[in-house]
Trainee: 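Take this structure, written in structure tokens, and hold onto it; I'll ask about it next.
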2 protein chains.
Amino acid sequence: MKNVRKTVAKTKILEFIQNSKAAVAHSDIQASLKGVCDRVTIYRVLERLLKEGLIHKIVDVDGVVKYAACHTCENKFHQHNHIHFSCEKCKKVTCLDTIMPVFNLPQNYILNSVNFTVSGFCPKCK
Amino acid sequence: MKNVRKTVAKTKILEFIQNSKAAVAHSDIQASLKGVCDRVTIYRVLERLLKEGLIHKIVDVDGVVKYAACHTCENKFHQHNHIHFSCEKCKKVTCLDTIMPVFNLPQNYILNSVNFTVSGFCPKCK
DNA sequence: ATTATTTTTGCAACTATGTTGCATTAGCAA
DNA sequence: TTGCTAATGCAACATAGTTGCAAAAATAAT
């Protein structure tokens, strides 16, 4: 059977993501965990954390891939249909968990997942 | 004064984007215009076309940057608050110009622009 | 039509981001 | 303690995007 192992890298990376108020990029993790592990390891740990459903992946308006801890998801079949707010000044991406946009798709389109990112200024930067 | 020039590269790139039904990536343009101009030129032409308001930029759910012609925008101060549909099978990104999601931001957030991409299966692939 | 001006291009070099193969290390169960 | 295999480090590679600079091409001026 395929086991999941608890390693230093995985623990530190997950901690870092969970302690961050905003979504973090690979480069943020790398900068924060300087020396703990290799670049490549970070990519692989992120992959695993995603698969285990402990974090989710967000692509911000600039195409930067970021990761955030899952707070509201009870199981690994989570949905992330809420809005992500991307501040143009401080560049922070925050999950606005409670907000769900309403819209209708044209006929014959089958919806699977949504990625809503709005940008502007966050309360701190406005 | 700073003039805008009509060049072969610019014309061909704009034509290609306008003739595409779905949004195109830099790599699509490069593959289609093989030999017409340099990679770097494509980046620079795209930048100019964006600034001139002839095309708009979309980041798809996988973080791939794509470009689409502006059909519904009369002027360069266009807004692209409509939904982009990203097909998980054929990977095509289409603008659903007529659909505008409705939502409310929490207080103190200032909205500037939105980026709504939904994914699933398009009519052809469903 | 020719020249002058300035935008645009090509090329080389570079940075950032992400992936893969493989040998080594380290978790964990027996 | 040992054996299995997941996880890591390293090197190498792939792709996306940027920058500086000299040469080429578009347009304006003559």
Side-chain angles (χ1 to χ4, degrees), chain A residues 1-17 23-68 76 86 91 93 115 117, chain B residues 1-17 20 22-68 76 86 91 93 115 117:
Chain A
M1 69 219 100
K2 202 168 175 177
N3 295 326
V4 175
R5 293 183 187 176
K6 189 181 169 182
T7 64
V8 183
K10 192 179 168 185
T11 308
K12 295 250 182 185
I13 291 173
L14 184 56
E15 260 175 24
F16 177 68
I17 297 176
V24 300
H26 175 276
S27 58
D28 299 325
I29 301 172
Q30 198 178 347
S32 127
L33 303 194
K34 219 166 192 80
V36 171
C37 67
D38 193 70
R39 254 168 32 83
V40 181
T41 300
I42 300 177
Y43 283 115
R44 296 199 261 226
V45 168
L46 287 171
E47 227 168 71
R48 263 179 285 150
L49 291 175
L50 279 173
K51 208 166 58 188
E52 291 169 31
L54 296 171
I55 59 173
H56 68 281
K57 189 177 175 176
I58 307 161
V59 176
D60 83 1
V61 277
D62 301 318
V64 180
V65 173
K66 298 192 167 175
Y67 302 88
K76 62 188 293 191
S86 184
K91 298 287 174 190
V93 174
N115 194 305
T117 308
Chain B
M1 68 220 101
K2 202 170 177 179
N3 295 326
V4 175
R5 292 182 188 180
K6 188 182 171 183
T7 65
V8 183
K10 193 180 169 187
T11 309
K12 295 250 182 185
I13 292 172
L14 184 56
E15 261 175 23
F16 177 68
I17 297 175
S20 302
V24 299
H26 176 275
S27 58
D28 299 325
I29 300 172
Q30 198 178 346
S32 126
L33 303 195
K34 219 166 192 79
V36 171
C37 68
D38 194 70
R39 254 168 33 82
V40 180
T41 301
I42 300 177
Y43 282 114
R44 296 199 261 227
V45 168
L46 287 171
E47 227 169 69
R48 264 179 284 150
L49 291 174
L50 278 172
K51 209 167 56 188
E52 292 170 30
L54 295 171
I55 60 174
H56 68 281
K57 190 177 177 176
I58 308 161
V59 176
D60 83 2
V61 276
D62 302 317
V64 179
V65 174
K66 297 192 171 177
Y67 302 88
K76 63 188 294 190
S86 185
K91 299 288 173 190
V93 175
N115 193 305
T117 308

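Letters go in sequence order (proteins before strands), and every chain restarts at 1.
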Trainee: Can you tell me how far P of dA16(C) sits from CD1 of Ile29(A), to the nearest Å?
Mentor: 17 Å

Trainee: Once rounded to the nearest 0.5 Å, what's the spacing between atom NZ of Lys51(B) and atom CD of Glu47(B)?
Mentor: 7.0 Å

Trainee: In degrees, rounded to 10°, what is the bend between the two ends of the helix from dA1(C)-dT30(D) to dA30(C)-dT1(D), using five pairs at each?
Mentor: 30°

Trainee: With a cut-off of 3.5 Å and sequence neighbours excluded, list every side-chain donor-acceptor pair involving residues 24-31 of chain B.
Mentor:
{"from": "His26(B)", "atom 1": "NE2", "to": "Arg39(B)", "atom 2": "O", "distance (Å)": "3.3"}
{"from": "Asp28(B)", "atom 1": "OD2", "to": "Ala25(B)", "atom 2": "N", "distance (Å)": "2.7"}

Trainee: Between C1' on dG9(D) and CG on Leu33(A), what's the gap in Å once rounded to a whole number?
Mentor: 16 Å

Trainee: Within the 4.5 Å heavy-atom criterion, are Leu46(B) and Ile17(B) side-chain neighbours or not?
Mentor: yes

Trainee: What integer distance in Å separates Ile42(A):CD1 from dG18(C):P?
Mentor: 11 Å

Trainee: Classify the nucleic acid contact of Val36(B) as base, sugar-phosphate or nothing, counting any heavy atom under 4.0 Å across all strands shown.
Mentor: sugar-phosphate

Trainee: Tell me the interatomic distance from Tyr67(A), atom OH, to dT17(C), atom C1', rounded to whole angstroms.
Mentor: 10 Å

Trainee: Which residues in residues 5-17 of chain B have a heavy atom closer than 4.0 Å to any atom of DNA chain C?
Mentor: Arg5(B), Thr7(B), Ala9(B)

Trainee: Of all the heavy-atom pairs spanning Val59(A) and Gly63(B), show the shortest one and how long it is.
Mentor: CG1-CA, 3.5 Å

Trainee: Would a distance-only check, ignoring hydrogens and angles, find a side-chain to backbone donor-acceptor pair under 3.5 Å from Asp60(B) to Asp62(B)?
Mentor: yes

Trainee: Identify each donor-acceptor pair in which a side-chain atom of residues 8-16 of chain A lies under 3.5 Å from a protein atom, sequence neighbours left out, and give them as a table.
Mentor:
{"from": "Lys10(A)", "atom 1": "NZ", "to": "Glu52(A)", "atom 2": "OE1", "distance (Å)": "3.1"}
{"from": "Lys10(A)", "atom 1": "NZ", "to": "Glu52(A)", "atom 2": "OE2", "distance (Å)": "3.0"}
{"from": "Thr11(A)", "atom 1": "OG1", "to": "Thr7(A)", "atom 2": "O", "distance (Å)": "2.7"}

Trainee: My understanding is that only residues two or more places apart in sequence, or in another chain, count here; which of them pass salt bridge (Lys or Arg N to Asp or Glu O under 4.0 Å) with Asp38(A)?
Mentor: none

Trainee: For nucleotides 10-16 of chain D, which of its nitrogen or oxygen atoms have a protein nitrogen or oxygen under 3.5 Å away, and what is each distance?
Mentor:
{"from": "dC10(D)", "atom 1": "N4", "to": "Arg44(A)", "atom 2": "NH2", "distance (Å)": "3.4"}

Trainee: Could you state the CG-P distance from Asn3(A) to dG3(D), rounded to the nearest angstrom?
Mentor: 19 Å

